[in-house]
Amino acid sequence: MDDRTAIVTGAASGIGRATAVQLAERGATVVATDIDADGVRETADELADAGAETASYELNVADGDRFDEVVDDVTEQFGGVDVLVNNAGVLRLSRFEETAEADFDLQLEVNLKGVWNGCQAVVPEMMRSGGGSIVNTASVDGITGSPFHAPYGAAKAAVINLTRTLAVELGGDGIRVNAVCPGFVATPPVEHHIESQDDPEEKRAAMASENALGRLSDPAEIAECIVFLASERASFVTGEDFVVDAGYRHAHETHFRP
Ligand code: NAD
């Protein structure tokens, strides 16, 4: 990914941070962005210490004007944007009938409008420069019916559809658009959820048992797929939602046994 400039949202933590690290290891200039200004500076410092060309920006993806500003600044500094990883996301678990309007709004604003804002900000620049690659972090919850994930799942399903639509609309401009759909990944919010249970180890084992490999993913395993899609190695791949869930959506207990 030498000579490529990649913007990653939600790069202070979890999958976004792992993606920033792997893009830098493959030679890209990595622009790490996050609503968490201190956290994203730490990511950029780590990349710079490892010898990467990098920058960091405080960016709330729900703020389209700020996204435009960041893209303008990056274009001026580095000459363009080749890759955008729309990864920032939030999850609020709740029963449907108890879901507060504010939690619905937040999850749509960040998980869907954040992706929309990112695409709106970079597409004109990618068109000008002759192409690019956009990777959106969706979720298996955008494919399956996932209890207690109603606004989150609806937003992620919309991201998968937006991915397909933009892939078709922008393919002629040399812009590829793909999504990655992770299953359970051991990132800080998931770890926090597990640790907040009465019996965290029982909870971890129960979650792990829901996929075919019997464990949670490391963020780096999701980043591998994101970086592949971002790179020229995926030059004939567009409009896809790559599921990286260790068979979570296929796994079920069967009672029709030998
Ligand atoms: P994480 O909390 O470790 O990282 C998410 C990052 O997004 C954080 O650094 C956070 O500060 C940032 N963020 C939150 N709101 C923001 C906003 N408005 N603007 C900019 N940045 C914002 O979580 P993660 O698990 O690494 O999640 C990354 C992505 O992966 C999300 O889109 C999430 O929905 C998706 N995902 C995660 C899992 C999982 O099991 N961890 C599964 C499927 C999908």
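Counting convention: from 1, in listed order, for ligands and their atoms alike.
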Heavy-atom distances under 4.0 Å are what count here, so tell me which part of I35 touches ligand 1: side chain, backbone, both or neither. both
Crowded around F104 CZ? As in, over 12 foreign heavy atoms under 6.0 Å? no
Heavy-atom closest contact (A212 atom, A251 atom, distance): N-CB, 4.5 Å
Does ligand 1 have any atom that is closer than 4.0 Å to a heavy atom of L91? no
Does ligand 1 have any atom sitting under 4.0 Å from a heavy atom of P188? yes
May I ask you to identify, for N87, whether its side chain, its backbone, both or neither come under 4.0 Å of ligand 1 on a heavy-atom basis? both
Would P189 count as a contact of ligand 1 if the rule is a heavy atom under 4.0 Å away? yes
Answer yes or no: is there a donor N or O on one side and an acceptor on the other, between the side chain of N87 and the main chain of T9, under 3.5 Å? yes
Test item, E109 contacting ligand 1 (heavy atom, 4.0 angstrom): no
Would you say A138 touches ligand 1, if touching means a heavy atom closer than 4.0 Å? yes
Quick one: look at V110 and ligand 1, take heavy-atom pairs under 4.0 Å, and tell me if it's side chain, backbone, both or neither. side chain
Of all the heavy atoms in G183, does at least one lie under 4.0 Å from an atom in ligand 1? yes
Could you name the option among T9, V85, I15 that has the heavy atom nearest to atom 27 (O) of ligand 1? I15
Crowding at CG, D49 (>12 non-hydrogen neighbours, <6.0 Å): yes
Out of Y248, F184, Y152, who gets a non-hydrogen atom closest to atom 34 (O) of ligand 1? Y152
